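FYI, side chains are in, hydrogens and waters are out, and symmetry mates aren't considered; it's all heavy atoms of this structure. If you're wondering where the values come from, they're calculated on a predicted model, not measured in any experiment.
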Amino acid sequence: MTHPLITFLKTPMAAPETRTLRRMRRLWMALCWSLALTVLLLPVLKLLLGSWAALPALLLTIAAVLHGLVYFRAKGRADDAFGREARP
């Protein structure tokens, strides 16, 4: 007989990642990395774009937030559905 805590720790807590969720996760990560790179290159963008230098960072921030909301809602729904199926 195994301890209930050991059984709980062996139970998967998240749904298996589908192709769509994997693509969404990778896109969200790419948006975050692009935003970080844009912020690091802000002095260069200031030379190239002048007063419009912050625009790429603003657009990437908006895109990352919106896509993150969509992705995390989809991931939450998949995890909830997986949890309901796993219960006896």
Side-chain angles (χ1 to χ4, degrees):
M1 181 169 164
T2 61
H3 191 275
L5 184 57
I6 300 297
T7 305
F8 175 74
L9 290 174
K10 289 182 178 180
T11 305
M13 298 305 291
E17 191 173 52
T18 63
R19 182 181 296 155
T20 303
L21 284 175
R22 185 179 316 116
R23 194 171 28 239
M24 290 175 72
R25 177 179 52 85
R26 287 180 178 165
L27 176 59
W28 181 72
M29 289 172 38
L31 286 168
C32 292
W33 279 107
S34 299
L35 176 59
L37 185 62
T38 302
V39 170
L40 288 174
L41 295 176
L42 204 54
V44 175
L45 290 173
K46 182 76 173 165
L47 291 174
L48 294 173
L49 302 175
S51 62
W52 293 93
L55 185 62
L58 175 65
L59 295 175
L60 285 168
T61 300
I62 292 169
V65 168
L66 292 177
H67 184 71
L69 289 172
V70 171
Y71 167 68
F72 287 114
R73 281 190 73 198
K75 177 70 172 144
R77 283 193 307 268
D79 289 344
D80 288 343
F82 180 75
R84 281 192 298 273
E85 290 175 5
R87 289 190 191 131

Would you say [Y] ends up clustered with [X] if hydrophobic residues are merged whenever their side chains have heavy atoms under 4.5 Å apart, either directly or through other cluster members?
X: V70; Y: L21; result: yes
X: L40; Y: L58; result: no
X: F72; Y: M29; result: yes
X: L45; Y: L55; result: yes

Determine whether [X] and [Y] make a side-chain contact, defined as any pair of heavy atoms from C-beta on separated by less than 4.5 Å.
X: L35; Y: P56; result: no
X: K75; Y: D79; result: yes
X: L31; Y: L60; result: yes

Point-to-point distance, once rounded to the nearest 0.5 Å, from CG of L42 to CG of L49: 9.5 Å
Rounded distance [0.5 Å steps], SG in C32 versus CG in L37: 13.0 Å
Pairwise ring pair (Phe, Tyr, Trp, His ring centres under 6.0 Å) hits with a residue in residues 29-71, at least two apart: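 Non-adjacent pairs meeting ring pair (Phe, Tyr, Trp, His ring centres under 6.0 Å): zero.
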R22 atom CZ, neighbour heavy-atom count above 12 within 6.0 Å: yes
Minimum-distance pair of heavy atoms, taken over all atoms of A74 and M24: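 In this case the closest contact between A74 and M24 is CB-CE, 4.4 Å.
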